[in-house]
2 protein chains.
Amino acid sequence: MKLSTKGRYGLRAMIDLAIHSKENQVSIKSISERQEISENYLERIIALLKKAGYVKSTRGAQGGYMLTKKPDQISVGNILRALEGDLNPVDCSLINDEKVCSESGLCVTKFVWKRISDSINDVVDNISLQDLVNEQVEIDKSQASR
Amino acid sequence: MKLSTKGRYGLRAMIDLAIHSKENQVSIKSISERQEISENYLERIIALLKKAGYVKSTRGAQGGYMLTKKPDQISVGNILRALEGDLNPVDCSLINDEKVCSESGLCVTKFVWKRISDSINDVVDNISLQDLVNEQVEIDKSQASR
DNA sequence: ACATATCCAACTTATTTGGTCGGATATGAA
DNA sequence: TTCATATCCGACCAAATAAGTTGGATATGT
């Protein structure tokens with residue numbers, strides 16, 4: 001029941017992009033340095049985010065990545081689902097309304113999985129990238145004044 | 001971000017035990033037949049539940065397993081944590097109140113992980129085994145009358 | 001004594017995770 | 001036009017984890 005590094009690194013990369021790509025293109029290399037994530041691996045993660053439509057790229061010198069939308073229009077749920085797939089605790093078609101569980105006839109455990117799934121999605125869909133940027137700014141501020 | 005078969009099978013086994021171990025010992029074999037889970041594997045899963053104190057065993061002929069408490073005193077959270085370990089989406093000591101993230105200085109993603117973690121635990125701690133037994137009984141009833 | 005059980009460690013296999021590597025392609029600037 | 005800087009992309013790889021099996025020891029009611 002763990003998120004993979006894709007989700008963790010990817011979310012950090014998106015926060016980094018939100019902060020740094022306001023005017024300029026941001027290269028993998030610079031994100032990689034700030035976030036201490038390997039360039040090669042980060043490249044693959046950002047490819048997923050691009051495919052999902054949350055970042056756009058410019059190739060060549062002075063190229064890099066930018067967000068496609070404002071940070072308040074991208075939720076943590078959008079990002080995590082792009083990287084991790086659905087956030088259901090089980091692969092279970094019945095989570096979407098079917099009564100019969102392939103695993104063992106009628107099983108009540110699906111009610112549990114559904115509620116977990118709903119609660120996770122509710123949390124992540126109600127935190128925007130902007131919210132995290134704001135918190136990061138706050139933290140940086142309080143750090144600077146020490 | 002998936003639960004393993006341990007969690008899924010184990011919860012079903014506990015529901016089965018709650019329904020069938022009211023008077024009699026229940027053998028692995030019988031659970032295995034009803035739930036269509038391999039005897040060998042189920043044995044290992046139930047060993048974890050025993051270790052965690054939710055089931056007790058009697059060896060030898062006519063032996064088997066029983067719950068140690070009433071089903072309304074055992075939560076789904078108790079069961080899942082016994083089988084899956086903590087239900088946090090990331091292994092992050094900072095989820096418990098430290099400010100500094102070993103991964104990359106100060107990171108705001110921890111607020112996200114904490115909220116996910118809290119919401120999952122809140123859900124599973126508020127569903128008891130008895131709740132699931134009740135739902136199962138309802139389903140069986142409505143099935144029987146078709 | 002024997003069938004029925006749990007107990008338990010060691011082993012195996014398949015899948016997923018977490019990357020790396022090498023080269024192709026694009027492009028702004030010197 | 002060349003070159004450094006980028007993205008793009010498929011193939012590959014090692015380690016960890018999940019999922020399950022096997023074999024035998026031990027206990028116990030009949």
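Here is how names work: the chains are called A, B, and so on, in the same order as the sequence lines, proteins then strands, and each is numbered from 1.
Atom NZ of A/Lys29 and atom C1' of D/dA6 are 10 Å apart (whole Å). Rounded to whole Å, atom P of C/dC7 lies 13 Å from atom NZ of B/Lys56. Put simply, OH on A/Tyr41 is 19 Å from C1' on D/dT7, counting in whole angstrom units. In this structure, A/Arg44 atom CZ and C/dC21 atom C1' are separated by 12 Å, rounded to whole Å. Rounded to whole angstrom, the span from the CG atom of B/Leu42 across to the P atom of C/dC7 amounts to 12 Å. If you take CD of A/Gln25 and P of C/dT27, they are 12 Å apart, rounded to a whole angstrom. A straight line from CG of A/Asp91 to C1' of D/dA18 spans 14 Å, rounded to a whole angstrom. For B/Asn40 and C/dC7, the CG to P distance is 14 Å, given to the nearest whole Å.
Counting atom types as modelled, A/Arg59 pairs no side-chain N or O with a base atom of D/dT5 as donor and acceptor under 3.5 Å.
A donor-acceptor pair under 3.5 Å is absent between the side-chain atoms of A/Lys50 and the main chain of A/Ser57, judged by distance alone. Checked by atom type and distance alone, the side chain of A/Asn24 never pairs as donor or acceptor with a backbone atom of A/Val26 at under 3.5 Å.
In summary, the side chains of B/Glu84 and B/Ser4 do present a donor paired with an acceptor at a separation below 3.5 Å, with no hydrogens or angles considered. Remark: the A/Asn134 side chain and the A/Glu138 side chain contain no N/O donor-acceptor pair separated by less than 3.5 Å.
When heavy atoms are screened at a 4.0 angstrom cut-off, A/Lys50 is found touching the sugar-phosphate backbone but no base atom. Within the 4.0 angstrom heavy-atom criterion, only backbone atoms of the sugar-phosphate kind lie near A/Ile28; the bases stay farther away. Across all strands shown, A/Glu43 has heavy atoms under 4.0 Å from base atoms, whether or not it also approaches the sugar-phosphate.
Nearest nucleotide to the side chain of A/Ala61, out of D/dC8, C/dC21, D/dT5: D/dT5. Of the candidate nucleotides D/dC8, C/dT6, D/dA6, D/dC8 has the atom nearest to the side chain of A/Tyr65.
When each of A/Met1 and A/Thr58 is assigned the nucleotide of DNA chain D with its nearest heavy atom, A/Thr58 is the one assigned upstream, toward the 5' end. Where B/Glu84 and A/Val26 each meet DNA chain D at their nearest nucleotide, the meeting point lying more 5' is that of A/Val26. In this structure, B/Ser27 and A/Ser38 both approach DNA chain C, and ranking their closest nucleotides by distance from the 5' end singles out B/Ser27.
In this structure, B/Arg81 pairs ionically with B/Asp125, as a charged nitrogen and a carboxylate oxygen lie closer than 4.0 Å.
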